[in-house]
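This is a predicted model, so every value here is computed, not measured. Position 1 is the first residue of the sequence; numbering continues from there.
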Amino acid sequence: MTREVLEYLDCRPGGTYVDGTLGGGGHAREILEATGPDGRLVGIDRDGDALKEAGALLEPYGKRALLVREDFREIKRVLADLGIGTVDGMVLDLGVSSYQLESPERGFSFRHDARLDMRMDTRQELSAYDLVNGLSAEDLERIFRDYGEERAARRIARAIEKKRGEGPITTTDELAGIVAGAAWRAGGKGGKRGRGARGRGGAAKRKIHPATRVFQALRIAVNDELESLKAGLTDGIEALGSGGRMVVISFHSLEDRIVKNCFRDLWRGCVCPPEVPVCVCGKEPSLRLLTKRVVFPSDAEVERNPRARSARFRAAEKI
């Protein structure tokens, strides 16, 4: 959703902007183009491979592109280290990148058989292998339920526990097979249709693989993504100057709910209970909502980039 990012960021020459999830550098390049000849872009990503790829793409912009290997939850420290006070805008494009999904050795996707990994930062010790083979069935169930919204979480967790009795589960193929078997038994041949049966307006939707939600849940847990988002939003909004803008693209309801609630709370300001007739907290609104409702990608964008079908876009402006 690059067009929406540029439109809502309202990029201006000479401004300082942050791409907190740099990825391949696509958004960053467009921001640098829009803020030339002297605008700056701080690009943050915890994936060293992504930084190398983005660095090559952004090399023509020289010192205007400042790239840092870090989690965007550390935005406050990153800006302080760079000697930057406030910024004019920030974009967060959440979730796993196409580059990570398409790199078999990273173990993010069951489309490629590889060792279970899913670490966005390969310097980190904890991996999906550790969670799958080390957590109790109860803890796995909680992860699958809370982070994947998986209805068969208990059955899947028990199937993993049973399989571990034969030896460690090491690959994406192994895990996807276990999940598919447990999910099939939970639904049964005559079970209800899944979410992929019919969409809004009766349009057909692609049915998702039974392991999709489990892999999402494990990835979120391995990388502590939801806590990272909460911290990054709070400190990122604080780093905006007056009139600075924050835009966020999320890819599932858990992320979008966090963004929506954060923006709404800062837009409302007052935190007094409804029964209190007059505000006594004194908290003033600090954001103006630029998108009153979530924005979805156009049909044309989904046609060009099928991964965008799950994207949800929100934007706000610092008062």
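- Around NZ of Lys163, the count of heavy atoms belonging to other residues, nucleotides or ligands within 6.0 Å does not exceed 12.
- Using a 4.0 Å cut-off between charged side-chain N and carboxylate O, Glu149 and Arg213 make no salt bridge.
- At a threshold of 4.5 Å between non-hydrogen side-chain atoms, the residues Val294 and Arg314 count as touching.
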Salt bridge (Lys or Arg N to Asp or Glu O under 4.0 Å) between Arg77 and Asp235, worked out: CA-CA 10 Å; Arg77 179 169 58 80; Asp235 288 348; over 6 Å; no
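- Using modelled atom types, one finds a donor on one side chain and an acceptor on the other under 3.5 Å when comparing Thr170 with Glu174.
- Ion pairing of Asp121 with Arg69 is present here, as a side-chain N (NZ or NE/NH1/NH2) and a carboxylate O approach within less than 4.0 Å.
- Between Phe313 and Phe296, a ring centre-to-centre spacing not shorter than 6.0 Å is recorded.
- Remark: Arg64 CZ is packed, more than 12 non-hydrogen atoms of other residues, nucleotides or ligands lying under 6.0 Å away.
- A donor atom on one side chain and an acceptor atom on the other are not found under 3.5 Å apart for Asp93 and Thr21.
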Stepwise side-chain contact (heavy atoms from CB on, under 4.5 Å) check, Asp130 with Leu116: CA-CA 9 Å; Asp130 299 315; Leu116 283 168; over 6 Å; no
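- Between Phe215 and Met118 the shortest side-chain heavy-atom distance falls below 4.5 Å.
- The local environment of CD in Gln124 is crowded, with over 12 non-hydrogen atoms from other residues, nucleotides or ligands closer than 6.0 Å.
- In this structure a side-chain-to-backbone donor-acceptor pair under 3.5 Å is present from Lys318 to Leu240.
- With contacts defined as side-chain heavy-atom distances shorter than 4.5 Å, the pair Ile178/Lys162 does not qualify.
- Ile44 has its side chain within reach of Val18: a pair of non-hydrogen atoms, C-beta onward, lies under 4.5 Å apart.
- Atom CZ of Arg12 has 12 or fewer neighbouring heavy atoms from other residues, nucleotides or ligands inside a 6.0 Å radius.
- Side-chain contact between Arg155 and Glu141 is absent, with no heavy atoms from C-beta onward closer than 4.5 Å.
- Side-chain contact between Glu227 and Arg73 is present, with at least one heavy-atom pair separated by less than 4.5 Å.
- Salt bridge Glu7/Arg3: present, at least one basic N to carboxylate O contact under 4.0 Å.
- Around the CG atom of Asp299, the shell of radius 6.0 Å holds no more than 12 heavy atoms that belong to other residues, nucleotides or ligands.
- No more than 12 heavy atoms of other residues, nucleotides or ligands sit less than 6.0 Å from atom CZ of Arg293.
- Asp256 and Ser253 are not linked by any side-chain donor-acceptor pair at a separation below 3.5 angstrom, with hydrogens and angles left out of the test.
- In this structure the side chain of Val248 never reaches within 4.5 angstrom of the side chain of Arg312, judged on heavy atoms.
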Val42 vs Tyr17, side-chain contact (heavy atoms from CB on, under 4.5 Å): CA-CA, chis, key distance, verdict: CA-CA 6 Å; Val42 179; Tyr17 296 84; over 6 Å; no
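- A donor-acceptor contact closer than 3.5 angstrom is absent between the side chains of Arg40 and Thr35.
- One distance of note links CD1 of Ile258 with CG of Leu229; it measures 5.0 Å at 0.5 Å rounding.
- The side-chain tip of Arg115 points at the ring of Tyr129 from less than 6.0 angstrom away and within 45° of straight on.
- Under a 3.5 Å cut-off, the side chain of Thr172 and the backbone N or O of Ala114 do form a donor-acceptor pair.
- Taking 4.5 Å as the limit, some side-chain heavy atom of Arg245 sits within range of a side-chain heavy atom of Leu290.
- Using a distance-only test at 3.5 Å, with no hydrogens or angles considered, a donor-acceptor pair links the side chain of Asp88 to the main chain of Thr16.
- A distance of 11.0 Å separates NE2 of His27 from CG of Leu92, quoted to the nearest 0.5 Å.
- Salt bridge status for Asp117 with Arg119: present, with a side-chain N to carboxylate O gap under 4.0 Å.
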Residues Tyr61, Glu33; criterion side chain to side chain donor-acceptor pair (under 3.5 Å); working and verdict: CA-CA 9 Å; Tyr61 300 95; Glu33 284 290 326; 2.4 Å; yes
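- Using modelled atom types, one side-chain atom of Glu255 and one backbone atom of Phe251 make a donor-acceptor pair closer than 3.5 Å.
- Atom CZ of Arg145 has more than 12 heavy atoms from other residues, nucleotides or ligands within 6.0 Å.
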Intermediate values then yes/no, side-chain contact (heavy atoms from CB on, under 4.5 Å), Met120 and Arg219: CA-CA 9 Å; Met120 291 181 175; Arg219 190 202 79 224; 4.1 Å; yes
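- A donor atom on one side chain and an acceptor atom on the other are not found under 3.5 Å apart for Tyr147 and Glu225.
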